[in-house]
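Being a predicted model, the structure only gives us computed values, none of them experimental. These values consider heavy atoms only, across backbone and side chains, with no hydrogens, waters or symmetry-generated copies.
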Amino acid sequence: MAATAREDGACGEAQGRRGCEHYDRGCLLKAQQTCEECSTLFGEYYCSICHLFDKDKKQYHCENCGICRIGPKEDFFHCLKCNLCLAMNLQGKHKCIENVSRQNCPICLEDIHTSRVVAHVLPCGHLLHRGYRCPLCMHSALDMTRYWRQLDDEVAQTPMPSEYQNMTVDILCNDCNGRSTVQFHILGMKCNICESYNTAQTGGRRISLDQQ
């Protein structure tokens with residue numbers, strides 16, 4: 001055994017030392033934040049569960065998530081149903097979906113639970129890294145009110161050709177799930193219920209009877 005240890009130590013010297021002078025590549029080490037011999041600090045943050053060494057980023061280990069998260073810890077809480085750490089301002093103010101983070105982002109396809117990129121919690125309860133509309137349920141991901149009003153102005157300034165001016169279509173609103181019949185416009189069809197342009201056409205185009 002002693003010979004083996006010396007051989008391992010020699011191999012460690014040949015490969016170059018890492019950490020401090022007391023560390024040999026072939027040694028069996030006990031993971032810890034500092035060297036017991038010289039107190040060299042291996043990482044400003046060390047998790048004895050994940051064995052993670054890192055710079056200080058206010059990290060904390062969440063037992064329910066099973067991984068270390070970037071904090072500070074007091075700014076987050078763990079939602080047991082969503083099974084994810086969320087910002088404190090979302091406590092009691094978000095829609096819970098069971099194990100919502102145990103999936104890939106539907107846009108960039110990166111794993112959400114272990115990603116270092118902040119995931120946005122949408123009003124619909126789904127998570128994604130970026131985007132303005134949830135690709136899972138089609139709800140608006142952000143408050144689009146300002147953009148809808150800008151679209152109002154663009155629609156008003158863009159008259160349709162005469163053969164389309166009296167044409168109506170049936171639409172379904174992806175935000176409020178309401179159905180309505182509205183005037184057809186190439187720039188978008190506005191929901192009569194919540195005034196969102198996040199809509200989809202559900203029926204064919206038709207000319208109003210009183211205009212035929």
Side-chain angles (χ1 to χ4, degrees), residues 33 41-155 171-180 187-200:
Q33 190 171 11
L41 187 68
F42 299 134
E44 295 173 339
Y45 172 80
Y46 169 67
C47 175
S48 60
I49 300 174
C50 299
H51 299 304
L52 170 68
F53 296 87
D54 201 357
K55 294 181 178 179
D56 183 15
K57 302 172 185 175
K58 308 298 183 183
Q59 299 95 323
Y60 66 97
H61 181 87
C62 175
E63 293 186 3
N64 291 307
C65 284
I67 59 175
C68 290
R69 299 245 182 236
I70 295 178
K73 183 176 182 178
E74 57 269 19
D75 289 349
F76 296 87
F77 75 100
H78 185 91
C79 176
L80 293 176
K81 185 173 183 179
C82 294
N83 203 6
L84 178 69
C85 286
L86 300 172
M88 289 298 296
N89 60 4
L90 292 173
Q91 192 165 21
K93 299 178 182 179
H94 70 283
K95 181 178 180 180
C96 289
I97 296 181
E98 191 169 0
N99 291 324
V100 67
S101 71
R102 299 311 202 273
Q103 60 183 345
N104 293 339
C105 171
I107 295 180
C108 69
L109 302 182
E110 183 180 358
D111 177 60
I112 290 179
H113 187 72
T114 59
S115 173
R116 293 188 177 186
V117 179
V118 177
H120 298 285
V121 183
L122 309 184
C124 58
H126 295 124
L127 304 177
L128 77 162
H129 287 144
R130 57 181 179 271
Y132 69 91
R133 185 167 69 177
C134 176
L136 300 178
C137 65
M138 306 305 289
H139 278 62
S140 294
L142 309 170
D143 182 359
M144 302 290 287
T145 303
R146 179 179 297 181
Y147 178 70
W148 298 154
R149 301 296 75 82
Q150 292 176 352
L151 202 49
D152 280 341
D153 295 337
E154 293 182 23
V155 168
I171 61 170
L172 170 67
C173 179
N174 292 318
D175 287 335
C176 72
N177 296 320
R179 295 177 181 270
S180 52
L187 294 180
M189 275 77 74
K190 180 180 178 178
C191 174
N192 282 338
I193 301 172
C194 70
E195 299 188 336
S196 167
Y197 279 91
N198 182 15
T199 61

Approximate separation, where rounding is to 0.5 Å, of [X] [atom1] and [Y] [atom2]:
X	Y	atom1	atom2	result
C79	L86	SG	CG	6.0 Å
N99	C82	CG	SG	9.0 Å
K95	L90	NZ	CG	15.0 Å
C85	M88	SG	CE	11.0 Å
C96	L80	SG	CG	9.5 Å
H94	L127	NE2	CG	9.0 Å

Specify the closest pair of heavy atoms between [X] and [Y], including all atoms of both residues, with the distance to one decimal.
X	Y	value
P106	L128	CD-CB, 4.3 Å
D152	Y197	OD1-OH, 2.7 Å
E195	W148	O-CD1, 3.8 Å
I70	K57	CG2-O, 3.3 Å
I67	C50	CA-SG, 4.0 Å
L122	C134	CD1-CB, 3.5 Å

Greater than 12 external heavy atoms within 6.0 Å of R116's CZ: no
More than 12 heavy atoms of other groups within 6.0 Å of E63 CD: no
In the structure I gave you, are the side-chain heavy atoms of [X] and [Y] within less than 4.5 Å of one another anywhere?
X	Y	result
S115	H129	yes
H61	Y45	yes
Y132	M144	yes
L84	R69	yes
I171	S180	yes

Pair N198, S196: side-chain N/O donor-acceptor within cut-off below 3.5 Å: no
Any side-chain to backbone donor/acceptor pair from [X] onto [Y]? Under 3.5 Å, distance only.
X	Y	answer
H113	C65	yes
D111	T114	yes
T199	M189	yes
D175	S140	yes
R133	N174	no

